[in-house]
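First up is the structure itself, then whatever we jot down about it.
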Protein chains: 2
Amino acid sequence: MAPSRSPELDPQRPYCSIERALIVLTDRWAFLVMREALLYDVERFADFRERLDIATNILTNRLDRLVQAGVLERTEYREPGSRTRPAYRPTPAGRDLTVVLGALQQWGDEHVPREDGPTMTRREQGSAAPLRVDFVRDDGPSVPLDRVEFARV
Amino acid sequence: MAPSRSPELDPQRPYCSIERALIVLTDRWAFLVMREALLYDVERFADFRERLDIATNILTNRLDRLVQAGVLERTEYREPGSRTRPAYRPTPAGRDLTVVLGALQQWGDEHVPREDGPTMTRREQGSAAPLRVDFVRDDGPSVPLDRVEFARV
DNA sequence: CGGTATCCTATAAGATACTG
DNA sequence: CAGTATCTTATAGGATACCG
């Protein structure tokens with residue numbers, strides 16, 4: 001059976017970038033696979049499978065799609081003394097999805113919190129300073145939501 | 001027929017905040033409805049319907065879910081000389097999703113661009129300075145991706 | 001205008017068995 | 001270990017007709 005492809009990206013159609021991004025991040029599993037890869041450095045099939053508790057056929061399908069979409073790369077991985085195994089690693093484009101996941105995490109923490117509080121925080125490496133995801137100007141300062149506007153180019 | 005509910009948020013289960021956020025933003029239509037509400041100030045059923053080209057039964061279902069989830073509020077709206085109409089408006093929690101949509105838009109612009117370039121930009125009201133969505137420290141400066149870490153609390 | 005109600009198809013989700 | 005293959009159910013998506 002051919003692996004099901006992502007919905008195609010027709011360059012003519014006037015999808016906005018949000019829609020185009022959502023055609024890569026098709027569904028919940030796609031987000032969660034990227035979460036494992038980006039936040040927890042999961043690389044191996046069996047680890048995705050166990051951590052996400054996802055059926056193997058679905059996992060295969062999502063990994064394939066994410067590789068196709070250019071956000072994961074399938075490489076080989078060799079542990080000393082073992083045979084090589086496939087490893088799925090974020091590409092640079094995949095890495096950039098960290099901002100999207102950070103924004104989702106921040107929103108979830110604020111608006112659908114667990115009773116016992118969040119389990120993960122975003123910090124700066126080294127300083128351990130807490131980080132937020134925000135709109136910022138190129139020259140530095142972040143801008144409050146009510147001063148953000150979206151405009152046609 | 002009862003409107004189909006969002007998947008429930010069991011407060012016991014160890015969903016991370018990303019997963020919890022995705023239980024509100026169940027699917028592509030949910031994101032796109034919020035895009036219309038937040039970026040284009042769409043409020044009325046007929047306007048969502050026409051702009052998204054979505055079937056009425058699905059639109060009803062997504063609007064209901066988003067109201068249930070507390071990101072949209074159903075209020076009344078009266079134009080002079082007309083009868084009142086329902087209006088769906090973002091709640092404060094809904095407004096905060098702007099950051100998530102901004103992050104998706106930015107990622108889409110960079111990594112799945114249209115051939116003729118992006119159609120929307122994020123700007124600061126007043127100054128019209130271009131805005132990015134980024135990780136920032138509380139005391140101001142934004143932090144490059146490779147210095148962002150996620151840590152268990 | 002803002003929906004309901006039906007009906008149908010496509011895709012996602014998931015359990016289970018099997019394989020190089 | 002890293003998948004395929006098969007089958008079943010659930011949910012999403014959509015066309016169309018109708019209604020107060």
Side-chain angles (χ1 to χ4, degrees), chain A residues 1-8 15 19 22-33 36-37 42-69 72-89, chain B residues 1-8 15 19 22-33 36-37 42-69 72-89:
Chain A
M1 184 176 54
S4 82
R5 300 256 314 282
S6 294
E8 281 157 49
Y15 297 124
E19 228 166 323
L22 292 171
I23 287 172
V24 172
L25 297 166
T26 41
D27 60 5
R28 185 133 46 119
W29 283 128
F31 279 94
L32 295 179
V33 167
E36 295 301 314
V42 173
E43 300 191 333
R44 286 162 48 184
F45 190 93
D47 293 334
F48 284 109
R49 226 254 7 129
E50 193 183 338
R51 293 175 55 94
L52 293 173
D53 194 25
I54 183 178
T56 59
N57 50 355
I58 300 180
L59 178 55
T60 299
N61 180 278
R62 290 308 180 281
L63 288 171
D64 285 352
R65 280 192 200 173
L66 292 167
V67 167
Q68 275 277 333
L72 287 182
E73 186 187 19
R74 187 194 152 120
T75 59
E76 297 292 325
Y77 169 80
R78 178 187 296 279
E79 275 186 337
S82 311
R83 59 182 173 82
T84 69
R85 307 181 187 292
Y88 296 88
R89 299 211 175 97
Chain B
M1 185 176 54
S4 84
R5 301 257 315 279
S6 295
E8 280 157 50
Y15 298 123
E19 227 166 324
L22 291 171
I23 287 172
V24 172
L25 297 167
T26 41
D27 60 6
R28 185 130 49 113
W29 284 129
F31 280 94
L32 295 179
V33 167
E36 296 301 314
V42 173
E43 299 190 334
R44 286 162 47 184
F45 189 93
D47 293 333
F48 284 109
R49 225 243 22 117
E50 193 183 337
R51 293 174 54 94
L52 294 173
D53 193 25
I54 184 178
T56 58
N57 50 353
I58 301 180
L59 178 55
T60 300
N61 181 279
R62 289 310 179 280
L63 288 171
D64 285 350
R65 280 192 201 175
L66 292 166
V67 167
Q68 274 278 332
L72 287 182
E73 186 187 20
R74 188 192 151 121
T75 59
E76 297 291 326
Y77 170 79
R78 178 187 297 276
E79 276 184 336
S82 312
R83 58 180 173 86
T84 69
R85 307 180 187 293
Y88 296 88
R89 300 209 174 99

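Chain identifiers are assigned alphabetically (A, B, ...) following the order of the sequence lines, protein sequences preceding nucleic acid strands; residue numbering begins at 1 within each chain. Every heavy atom of this structure was used, including side-chain atoms; hydrogens, water molecules and symmetry mates were not.
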Whole angstrom is fine here: how far is it from [atom1] in [X] over to [atom2] in [N]?
X	N	atom1	atom2	answer
B/L59	D/dG13	CG	C1'	13 Å
B/D47	C/dC1	CG	P	9 Å
B/F48	D/dG13	CZ	C1'	19 Å
B/W29	D/dA12	CH2	P	14 Å
B/L52	C/dG2	CG	P	14 Å
B/Y77	C/dC1	OH	P	12 Å
A/R44	D/dG3	CZ	C1'	14 Å
B/E76	C/dG2	CD	C1'	11 Å

Quiz item: From B/L59 CG over to B/Y88 OH, what is the distance, rounded to the nearest 0.5 angstrom?
Solution: 7.5 Å

Quiz item: How long is the span from the CG atom in A/N61 to the CD1 atom in A/I58, to the nearest 0.5 Å?
Solution: 8.0 Å

Candidate nucleotides [options], ranked by approach to the side chain of [X] - the nearest:
X	options	answer
B/R65	D/dA12, D/dG13, C/dG2	D/dA12
B/R85	C/dA13, C/dC1, D/dG14	C/dC1
B/P86	C/dG3, C/dA13, D/dA2	C/dG3
B/T60	C/dT4, C/dC1, D/dG14	C/dT4

Check nucleotides 15-17 of chain C for protein N or O atoms closer than 3.5 Å to its own N or O atoms and list the pairs.
{"unit_1": "C/dA15", "atom_1": "N6", "unit_2": "A/N57", "atom_2": "ND2", "d": "2.4"}

Quiz item: Within the structure, does a side-chain N or O atom of A/R62 lie under 4.0 Å from either OP1 or OP2 of C/dT11?
Solution: no

Quiz item: Looking at five pairs on each end of the helix from C/dC1-D/dG20 to C/dG20-D/dC1, what is the angle between the two axes, given to 10 degrees?
Solution: 50°

Quiz item: With A/D27, which residues qualify under side chain to side chain donor-acceptor pair (under 3.5 Å), at least two apart?
Solution: A/R62

Quiz item: Which atoms form the tightest heavy-atom contact between B/L66 and B/A30, and what is the distance?
Solution: CD1-O, 4.1 Å

Listed pairs under 3.5 Å, donor-acceptor, residues 44-55 of chain B side chains, sequence neighbours left out:
{"unit_1": "B/R49", "atom_1": "NH1", "unit_2": "B/I54", "atom_2": "O", "d": "3.4"}
{"unit_1": "B/R51", "atom_1": "NE", "unit_2": "B/E36", "atom_2": "OE1", "d": "2.4"}
{"unit_1": "B/R51", "atom_1": "NH2", "unit_2": "B/E36", "atom_2": "OE1", "d": "2.9"}

Quiz item: Looking for any heavy atom pair under 4.0 Å, which part of the strands does B/Y88 touch: base, sugar-phosphate only, or nothing?
Solution: sugar-phosphate

Exercise. Determine the contact category for A/R83: base if any of its heavy atoms lies under 4.0 Å from a base atom, sugar-phosphate if only primed atoms, P, OP1 or OP2 are that close, otherwise nothing.
Key: base

Quiz item: Under the salt bridge (charged side-chain N to carboxylate O under 4.0 Å, His left out) test, which residues partner A/R89, sequence neighbours left out?
Solution: A/E43

Exercise. Using a 4.5 Å cut-off on heavy atoms from C-beta on, say whether the side chain of B/R74 contacts that of B/D64.
Key: no

Self-check item: Flag side-chain contact, heavy atom, 4.5 Å: A/V42 against A/V33
Solution: no

